[in-house]
Amino acid sequence: MLDMGCRFTCTRESLSAINILYVMVSVLMIGIAAWGKWLGLLSSFQVVGGVIGVGVFLFLVALVGLVGAVKHHQVLLFFYMIILFLVFIVQFSVSSACLAITKEQQDRLLEMGWNNSDSTQQDVEKTLNCCGYRHVDPNSTCSAACFQNQSCQSCAENIQDHVGEVLHFVGGIGLFFSFTQILAVWLTYQYRNQRDPRPNPNAFL
């Protein structure tokens with residue numbers, strides 16, 4: 001009985017700790033996106049909205065898992081396990097793609113993204129102090145400070161260097177969190193099948 005109670009408590013505490021970590025990450029994502037928009041570092045509503053949307057989604061999933069873990073709620077734990085497993089599949093696939101993408105594929109995707117968003121172009125030109133993707137057009141408009149004295153270089157090389165580092169970093173972080181997600185799914189499965197040793201041990205659905 002003592003061993004069963006210890007297993008139950010350890011599983012619940014581990015699951016709660018993972019979900020508290022997810023809550024902290026989601027709040028950090030929302031805060032960084034809002035801070036970047038407020039300071040004018042990001043002018044693209046699509047980027048800011050996307051990051052905040054992912055943060056809110058992660059917060060809600062973590063909240064469901066946390067409440068389910070604390071209350072040993074079978075229905076919440078079931079839906080949490082299913083949703084988290086689907087998130088694991090998507091995140092593992094995206095993280096693997098980030099690590100495996102070639103420089104040619106990366107260049108094509110960057111150029112497509114550059115041509116599809118004027119606000120992203122302005123953010124990149126202002127941040128990296130460059131103009132144009134492959135060549136500088138003196139007759140166009142540019143947000144970079146170097147454009148006033150016509151000393152700008154194109155952005156392609158700078159972007160590729162930065163994006164290559166970012167993709168490897170994001171891919172590594174994504175793989176780490178994908179393994180915590182599959183661990184959370186396994187813990188949830190184990191936790192759902194354990195009898196609650198607290199005052200009402202027969203309250204097992």
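- Separation of atoms OG (S16) and OH (Y191) is listed at 7.0 Å; rounding is to 0.5 Å.
- Under the 4.5 Å side-chain criterion, counting only non-hydrogen atoms from C-beta, V56 is not in contact with S26.
- Using a 4.5 Å cut-off between side-chain heavy atoms of Ile, Leu, Val, Met, Phe, Trp and Tyr, with links allowed through other members, V61 and L76 fall into the same hydrophobic cluster.
- Rounded to the nearest 0.5 angstrom, L15 CG and M81 CE are separated by 11.0 Å.
- Shortest non-hydrogen contact noted between S96 and L175 is OG-CD2, 4.3 Å.
- Among residues at least two apart or in separate chains, disulfide (SG to SG under 2.5 Å) pairs with a member in residues 155-190 are C130-C155.
- V185 and Y189 fall within the same hydrophobic cluster, defined by Ile, Leu, Val, Met, Phe, Trp and Tyr side-chain heavy atoms under 4.5 Å apart, directly or through other members.
- The two residues I18 and A184 make their nearest non-hydrogen contact at CG2-CB, 4.1 Å.
- Under a hydrophobic-cluster definition in which Ile, Leu, Val, Met, Phe, Trp and Tyr are linked whenever side-chain heavy atoms come within less than 4.5 Å, directly or via other members, V64 and L66 are assigned to different clusters.
- By the side-chain contact (heavy atoms from CB on, under 4.5 Å) test, I173 is found to be paired with F169, F177, residues two or more places apart in sequence or in another chain being considered.
- For the pair I182 and W186, the minimum side-chain heavy-atom distance is 4.5 Å or more.
- In this structure H168 satisfies the side-chain contact (heavy atoms from CB on, under 4.5 Å) test together with L99, sequence neighbours excluded.
- T180 and Y22 are linked by a side-chain donor-acceptor pair at a separation below 3.5 angstrom, with hydrogens and angles left out of the test.
- Using a 4.5 Å cut-off on side-chain heavy atoms (C-beta onward), F78 and Q74 make no contact.
- Rounding to the nearest 0.5 Å places CG of L84 at 7.5 Å from CG of N19.
- Residues satisfying the side-chain contact (heavy atoms from CB on, under 4.5 Å) test with V90, not counting sequence neighbours, are V94.
- Cluster annotation: L58 is connected to L183 through the hydrophobic network of ILVMFWY side chains, with a link wherever side-chain heavy atoms come within less than 4.5 Å.
- Remark: F92 pairs with F88 by the ring-ring contact (aromatic ring centres under 6.0 Å, His included) rule, at least two apart or across chains.
- The SG atoms of C142 and C131 lie less than 2.5 Å from each other.
- In this structure, V23 and A62 approach most closely via the heavy-atom pair CG2-CB, 3.6 Å.
- Taking the side-chain contact (heavy atoms from CB on, under 4.5 Å) definition, one finds that V87 meets it with F57, I83, Q91, Q181, sequence neighbours left out.
- Taking 4.5 Å as the limit, some side-chain heavy atom of Y80 sits within range of a side-chain heavy atom of T188.
- Side-chain heavy atoms closer than 4.5 Å link hydrophobic residues (I, L, V, M, F, W, Y) into clusters, and following such links, even through other members, never connects V25 to I20.
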